[in-house]
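Everything below concerns the one structure shown next.
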Amino acid sequence: MIENELIKNLDKVHTTEMGIDRIKKNLLLECDDVVIWCKKQIKLAGKQKGKKISRKGKNWYVDIGCGIITVNAYSYTIITAHKK
């Protein structure tokens, strides 16, 4: 199943300093470690029924309920996250 590829490579998921700022701003987060928070959300989405994780072209899109996390499928970089 294609969704499992992101979950299998969860340890590779990371972001840039600009990505951290963008994710915090867009989702109004005040957590210490945005990457850990995103990884937990991705893992939870992978356990839920329905299409919570989808791949379109070069990106993974993870529906976390309150928003969408976008992850590059090749580098596993969290590009952005935004509210629905």
>> Using a 3.5 Å distance criterion without hydrogens, assess whether the side chain of N9 forms a donor-acceptor pair with backbone atoms of K12.
In response: no
> Between Q48, Q41, K84, which is the residue that forms a side-chain hydrogen bond (donor to acceptor under 3.5 Å, both in side chains) with D63?
Replying inline: K84
> Does Y61 have K56 sitting over its ring (NZ/CZ under 6.0 Å from centre, angle to axis within 45°)?
Replying inline: yes
> What residues, two or more places apart in sequence or in another chain, satisfy side chain to side chain donor-acceptor pair (under 3.5 Å) together with H82?
Replying inline: none
> Side-chain contact, heavy-atom cut-off 4.5 Å: V62 with K52?
Replying inline: no
> Any side-chain heavy atom of I42 sitting closer than 4.5 Å to one from W37?
Replying inline: no
Of all residues at least two apart in sequence or in a different chain, which pass the side-chain contact (heavy atoms from CB on, under 4.5 Å) check with [X]?
| X | answer |
| --- | --- |
| K25 | none |
| I20 | T15, E17, K24, V34 |
| K83 | L27, L28 |
| D21 | none |

>> Is there a side chain to side chain contact (heavy atoms under 4.5 Å, CB included) between T77 and V13? Walk through the geometry before answering.
In response: CA-CA 6 Å; T77 305; V13 172; over 6 Å; no
> If every non-hydrogen atom of I7 is compared with every non-hydrogen atom of G46, which pair is closest and at what distance?
Replying inline: CD1-CA, 4.1 Å
> What heavy-atom pair brings C38 and I78 nearest, and what distance separates the two atoms?
Replying inline: CB-CD1, 3.6 Å
> Could you walk me through whether V71 and N59 pass the side chain to side chain contact (heavy atoms under 4.5 Å, CB included) check?
Replying inline: CA-CA 6 Å; V71 181; N59 293 328; over 6 Å; no
>> Assess the residue pair L44 and I64 against the criterion (side chain to side chain contact (heavy atoms under 4.5 Å, CB included)); give the C-alpha distance rounded to whole Å, side-chain angles, the decisive distance to 0.1 Å, and a yes or no.
In response: CA-CA 8 Å; L44 286 171; I64 60 167; over 6 Å; no
> Salt-bridged, K39 to D11, with N to O below 4.0 Å?
Replying inline: no
> Does atom CG of D32 have more than 12 heavy-atom neighbours, drawn from other residues, nucleotides or ligands, at distances under 6.0 Å?
Replying inline: no
>> Counting only heavy atoms not in K47 (residues, nucleotides, ligands), do more than 12 fall under 6.0 Å from its NZ?
In response: no
> Do the side chains of L10 and W60 join up, straight or via other hydrophobic residues, at under 4.5 Å, putting them in one cluster?
Replying inline: yes
> In terms of hydrophobic clusters joined by side-chain contacts under 4.5 Å, are I53 and Y76 together?
Replying inline: yes
>> The criterion is salt bridge (charged side-chain N to carboxylate O under 4.0 Å, His left out); which residues satisfy it with K49, sequence neighbours excluded?
In response: none
> Say you draw a straight line from CD1 of I79 to CE of M18; how long is it, rounded to the nearest 0.5 Å?
Replying inline: 12.5 Å
